[in-house]
Undergrad: 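Here you go, one structure.
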Amino acid sequence: MAGHKSSRRERIKKGIRKHLAGSAERPRLSVFRSNKGIYAQIIDDVAGVTLVSASSASKDFAASGNKVDQSKAVGKLVAEKAIAAGINKVVFDRNGYLYHGRIKSLAEGAREGGLDF
């Protein structure tokens, strides 16, 4: 039995992270979803630093539309910041969430913004 949703997601997350890690030349785009917002970080796991971050709760984000639309806008925002920082290629980490809805929308927005993954 899987137990609670959070413990199930943690188990899936460990399985995903076993096979993917971010490096300096291809950092990891990690996504976190809460009930109110969505957050994205581009992380270099070798150095252990966050290179770029964007969220629907940040001050430079103008909220409009439903959560799926906001996720797409956050994806475009993180892609814009990443390209300004010289990052073009990333590894996508869905962080244990299913690839649909807000997670898929953020990924599509990041691809439209110019990120390659």
Side-chain angles (χ1 to χ4, degrees):
M1 188 160 110
H4 295 338
K5 253 187 196 179
S6 60
S7 62
R8 177 183 177 277
R9 190 177 76 81
E10 287 298 320
R11 185 174 45 82
I12 293 170
K13 183 177 168 179
K14 284 181 184 177
I16 292 169
R17 287 296 306 282
K18 213 184 300 185
H19 300 287
L20 98 116
S23 61
E25 53 275 349
R26 197 168 176 112
R28 177 172 55 98
L29 172 59
S30 180
V31 177
F32 175 73
R33 184 186 76 189
S34 71
N35 286 337
K36 288 189 174 185
I38 191 154
Y39 308 83
Q41 292 182 325
I42 296 182
I43 304 166
D44 179 4
D45 288 321
V46 176
V49 294
T50 299
L51 305 171
V52 175
S53 68
S55 74
S56 59
S58 64
K59 293 182 182 189
D60 56 347
F61 179 76
S64 64
N66 59 16
K67 290 180 189 177
V68 175
D69 295 338
Q70 289 178 9
S71 298
K72 193 166 202 166
V74 168
K76 288 181 182 178
L77 181 63
V78 76
E80 183 181 299
K81 287 182 176 182
I83 290 174
I87 302 165
N88 294 323
K89 293 187 175 192
V90 295
V91 177
F92 188 69
D93 178 14
R94 61 187 173 92
N95 217 354
Y97 300 110
L98 295 177
Y99 187 79
H100 74 97
R102 292 193 278 163
I103 303 299
K104 183 178 179 182
S105 178
L106 187 136
E108 289 171 353
R111 284 189 185 107
E112 284 179 16
L115 284 181
D116 181 29
F117 58 93

Undergrad: Same hydrophobic cluster for Val52 and Leu29, using side-chain heavy-atom links shorter than 4.5 Å among ILVMFWY?
TA: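 In one cluster: yes.
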Undergrad: Please determine whether side-chain contact (heavy atoms from CB on, under 4.5 Å) holds for the pair Asn88 and Leu115, giving the CA-CA distance in whole Å, both sets of side-chain angles, and the decisive distance to 0.1 Å.
TA: CA-CA 5 Å; Asn88 294 323; Leu115 284 181; 5.7 Å; no
Undergrad: Report yes or no: is the cationic atom of Arg28 (NZ for Lys, CZ for Arg) under 6.0 Å from the centre of the six-membered ring of Phe92, at an angle within 45° of the ring normal?
TA: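 No, a cation-pi geometry is absent between Arg28 and Phe92.
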Undergrad: Of the non-hydrogen atoms in Asp44 and Ser23, which two are nearest, and what is the gap between them?
TA: OD1-C, 3.4 Å
Undergrad: Does NZ belonging to Lys104 count more than 12 external heavy atoms closer than 6.0 Å?
TA: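 Not buried by this count: 12 neighbours or fewer within 6.0 Å.
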Undergrad: Give the minimum heavy-atom separation between Ile43 and Ser30, together with the two atoms involved.
TA: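 Answer, listing the atom of Ile43 first, then Ser30: CD1-CB, 4.0 Å.
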Undergrad: Are Val46 and Val91 connected, step by step, through hydrophobic side chains (Ile, Leu, Val, Met, Phe, Trp, Tyr) whose heavy atoms are closer than 4.5 Å?
TA: no
Undergrad: Which pair of heavy atoms, one from Phe117 and one from Ala110, lies closest together, and at what distance?
TA: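 Looks like CE2-CB, 3.9 Å.
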Undergrad: Taking the basic N atoms (NZ, or NE/NH1/NH2) and the acidic carboxylate oxygens, is any pair closer than 4.0 Å for Glu112 and Lys76?
TA: yes
Undergrad: Might you point out which heavy atoms bring Ser7 and His4 nearest each other, and give the distance in Å?
TA: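 Looks like OG-O, 2.9 Å.
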Undergrad: Ignoring hydrogens, what is the shortest heavy-atom contact between Ala82 and Ile42? Give both atom names and the distance.
TA: CB-CD1, 3.5 Å
Undergrad: Are any side-chain N or O atoms of Arg9 and backbone N or O atoms of Asn95, one a donor and one an acceptor, separated by less than 3.5 Å?
TA: yes
Undergrad: Hey, quick one: are Val78 and Val49 part of the same hydrophobic cluster, counting side-chain heavy atoms closer than 4.5 Å, chains of contacts allowed?
TA: yes
Undergrad: Restricting to non-hydrogen atoms, name the atom on Gln70 and the atom on Gly65 that form the minimum distance, rounded to 0.1 Å.
TA: NE2-O, 3.5 Å
Undergrad: Output, in order, the C-alpha distance, side-chain angles, deciding distance and verdict of side-chain contact (heavy atoms from CB on, under 4.5 Å) for Ile103 and Leu98.
TA: CA-CA 7 Å; Ile103 303 299; Leu98 295 177; over 6 Å; no
Undergrad: Apply side-chain contact (heavy atoms from CB on, under 4.5 Å) to the pair Arg17 and Ile12, showing each step before the final yes or no.
TA: CA-CA 9 Å; Arg17 287 296 306 282; Ile12 293 170; over 6 Å; no
Undergrad: For Lys67 and Ile38, what are the C-alpha separation, side-chain angles and deciding distance, and is it a side-chain contact (heavy atoms from CB on, under 4.5 Å)?
TA: CA-CA 8 Å; Lys67 290 180 189 177; Ile38 191 154; over 6 Å; no
Undergrad: Indicate, with yes or no, if Val68 and Tyr39 share a hydrophobic cluster defined by side-chain heavy-atom contacts under 4.5 Å among Ile, Leu, Val, Met, Phe, Trp and Tyr.
TA: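 No.
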